Amino acid sequence: MKNAIPFSPSLRNALVSIYFLLITPMIGNSQTENTLEADLERTFMPTLQLGYVWHGTEELSAGLMTQTSIEYRDISNFIFRINYDVFNSRMNLQYPINEDVTFTGRTSFSDVIIGVGYRHTVQKHNFTAYVQPGIRYYGYPDLTAQDNQVNLDYDSRNIGIIRYSVGYEFALTTKLFLAIEALVGHTLKSKGFWTEDRWAYGATIGLSAPIN
């Protein structure tokens with residue numbers, strides 16, 4: 001069973017619109033001292049990273065993560081970031097009739113998170129840290145037993161999350177960076193797959209570059 005949450009064009013356009021709506025005041029205030037070209041050099045989109053995440057719950061296995069983010073790096077070294085991330089996993093749910101039997105299948109879910117960070121630069125090395133709250137969108141199989149029969153319904157849900165991450169970037173060229181990040185996140189309440197343990201841990205690696 002695979003419950004993919006696609007990254008639709010409408011969602012992509014909405015994220016980009018929110019991003020530019022929120023950074024417009026930053027760019028507008030900086031125009032008195034910096035050109036538009038300098039602002040574009042501080043805007044990184046999209047940054048693509050691949051990783052692996054341990055979800056911290058027995059109902060989900062560890063799995064691959066695709067992280068896509070848009071960043072605006074202010075001249076003060078503060079960072080504004082929007083993420084759209086997709087996770088792939090295997091679920092392992094208890095069968096309602098017989099507790100010794102489990103229901104398994106592949107599943108995927110996605111996070112949309114928005115937050116701030118800070119960057120410290122030492123020559124070709126950047127050290128970053130982020131705090132990003134947001135929403136997780138996922139599908140949960142609803143198994144019910146009646147008269148020795150099991151009914152399966154698919155329930156689309158969402159849950160609040162928050163993620164903390166630290167990163168390291170190395171400047172391969174003046175406008176191309178190798179990025180490595182470690183992340184810790186948790187859901188804001190017990191729900192769905194995350195009723196017992198709400199914490200997740202992972203790491204990603206990828207490349208980033210400014211628009212200009």
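This structure is a prediction, so every number in the text was calculated from the model and none was measured.
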Taking it one step at a time, do Thr66 and Leu48 satisfy side chain to side chain contact (heavy atoms under 4.5 Å, CB included)? CA-CA 7 Å; Thr66 303; Leu48 179 64; 3.8 Å; yes

Under the criterion side chain to side chain contact (heavy atoms under 4.5 Å, CB included), I'd like the reasoning laid out for Leu60 against Glu58: C-alpha separation, chi angles, the key distance, then a yes or no. CA-CA 6 Å; Leu60 289 176; Glu58 293 184 357; over 6 Å; no

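In this structure, Ile205 is a member of the same hydrophobic cluster as Leu207, with clusters built from ILVMFWY side-chain heavy atoms closer than 4.5 Å. In the hydrophobic clustering of ILVMFWY residues, with side-chain heavy atoms under 4.5 Å counting as a link, Ile135 and Tyr84 come out together.
Contact annotation: the side chain of Asp111 never approaches that of Asn83 to less than 4.5 Å [non-hydrogen atoms, C-beta and beyond]. Looking only at side-chain heavy atoms (C-beta outward), Arg81 and Glu71 come within less than 4.5 Å of each other. Taking 4.5 Å as the limit, every side-chain heavy atom of Met65 sits out of range of all side-chain heavy atoms of Tyr52. With a 4.5 Å cut-off on side-chain heavy atoms, Leu188 and His186 count as touching.
Rounding to the nearest 0.5 angstrom, the gap separating the CZ atom in Phe177 from the CG atom in Leu172 is 8.5 Å. To the nearest 0.5 Å, the span separating CZ on Phe170 from NE2 on His125 amounts to 6.0 Å. Rounding to the nearest 0.5 Å gives a distance of 7.5 Å between CG of Asn158 and OH of Tyr138. In this structure, CH2 on Trp194 lies 12.0 Å from NZ on Lys189, to the nearest 0.5 angstrom. For the atom pair OH of Tyr72 and CD1 of Ile82, the computed distance is 14.0 Å after rounding to the nearest 0.5 Å. In this structure, OG1 on Thr173 lies 9.0 Å from NZ on Lys124, to the nearest 0.5 angstrom.
Looking at Lys191, its side chain never comes within 3.5 Å of a backbone N or O of Gly160 through a donor-acceptor pair. Using a distance-only test at 3.5 Å, with no hydrogens or angles considered, a donor-acceptor pair links the side chain of Asp85 to the main chain of Thr68. Distance alone, capped at 3.5 Å, places no donor-acceptor pair between the Ser89 side chain and the Thr107 backbone. Listed for the Thr47 side chain is no donor-acceptor partner under 3.5 Å among the backbone atoms of Ser208. A donor-acceptor pair under 3.5 Å links the side-chain atoms of Thr57 to the main chain of Phe193, judged by distance alone.
Residues Tyr118 and Ile79 share a closest heavy-atom pair of C-CD1, 4.0 Å.
Taking the ring centre of Phe87 as origin, the terminal cationic atom of Arg136 falls inside the region bounded by 6.0 Å and 45° from the ring axis.
No option in Tyr201, Phe109, Trp199 other than Phe109 meets the ring-ring contact (aromatic ring centres under 6.0 Å, His included) test with His55.
Checking Asn126 against Thr121 by side-chain atom types alone, a donor-acceptor pair falls below 3.5 Å.
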